[in-house]
Amino acid sequence: MAEPILQVRGLSTYFFADEGVVRAVDGASFDLYPGRTLGIVGESGCGKSVTARSILRIVERPGRIVGGEILLRRHSGQVVDLVTLPSDGSAMRQIRGGEIGLVFQEPMSSLSAFHTVGVQLIEAIRLHSPLSKKAARARAIELLALVGIPRPAHRIDAYSFELSGGLRQRVMVALALAAEPHVLIADEPTTALDVTTQAQILELIARLQRERDLAVILITHDMGVIAEMADDVVVMYLGREVEKGPVDAIFHAPRHPYTQSLLRSIPSVLAEPRARLATISGSIPHPLARPAGCPFHPRCPDAMPGRCDADVPVEVSFADNHVTACHLYTEPVA
Ligand code: SF4
């Protein structure tokens, strides 16, 4: 396998509120490779979006990165720790959007309603390249065609509110690719879309990845999307990684009870008619009231009283880069 393009080591991002400290991300570590998709999955509030925002250095106050490294191999080949760069400095501005593209969940809130799609694309292109306005417009039309927008030379002059949800999300992908990044972070890119459009956008991202050897971080709460798209998976719960590994290992031999519960809650066409969908018992604790020991213990069907509610489980590694943090596994099993 090629060298990783991004290595996250022990990343911790906390929010310092008046009521207390929220450990939104607590020691995340993973590698991202060219041409592969890393899926980060978990329920709301598990820290997956804050992980993405930390990588891009756009965590809003009162949040801040309190530990760890984010090592990016830049276009030049130089490796830089993004945590050491000023978040609003020129290097980080070049990397954000230039070397790491971003697609958000809701294009309406990310696209300006006051400027045409073309104006926004041309601005993004010229921010990271010395092209003239005319050349940038030609490039913008090419990008719109690349992401499958019909009649791109016409649509370039449309406003975002004149486009359907699916076309808006395609424009977001075009914007993310404007500076030819090597890394694409897609944060719940299809959550607001209907099922058919969702499949089209996922297929678009997969095609662009194949054509450009893009490294993709895909953030989602949907295990079905992970099964479809990811090569590697990180499962997060209350800011901590609870299990990670290749997608086959996670789906065919999940070890952590939280991962097992997430998988049981995927709807199946093979289920009995009217069969009740399995759900995870209880609800996610308030971030300021993180349970002691294993944070999943109040909801875990396998919790061991006296152990799970007292001691934080450490990560145990198995064959094939499969790692889990659970007291059921104190040493690797065959
Ligand atoms: Fe369940 Fe205990 Fe494992 Fe946590 S450590 S997932 S409570 S068995």
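Atoms within each ligand, like the ligands themselves, are counted from 1 in listed order.
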Novice: For the atom pair OG (Ser160) and NE2 (His115), what is the distance rounded to the nearest 0.5 Å?
Specialist: 11.0 Å
Novice: Under 2.8 Å from atom 2 (Fe) of ligand 1, which protein N/O/S atoms are there?
Specialist: Cys308 SG
Novice: Should Lys133 and Arg126 count as side-chain neighbours, where that means a heavy-atom distance under 4.5 Å?
Specialist: yes
Novice: Which of these, Asp231, Asp232, Asp213, Asp31, sits in a side-chain hydrogen bond (donor to acceptor under 3.5 Å, both in side chains) with Arg36?
Specialist: Asp232
Novice: For His256, take its heavy atoms, then give the atoms of ligand 1 lying under 4.0 Å from any of them.
Specialist: 6 (S)
Novice: For the atom pair CD (Gln200) and CG (Leu167), what is the distance rounded to the nearest 0.5 Å?
Specialist: 9.5 Å
Novice: Flag the pair Val117 / Arg168 as yes when at least one side-chain heavy-atom distance between them is below 4.5 Å, and no otherwise.
Specialist: no
Novice: Tyr258 vs Phe296 aromatic rings, parallel, tilted or perpendicular, using cut-offs 30° and 60°?
Specialist: perpendicular
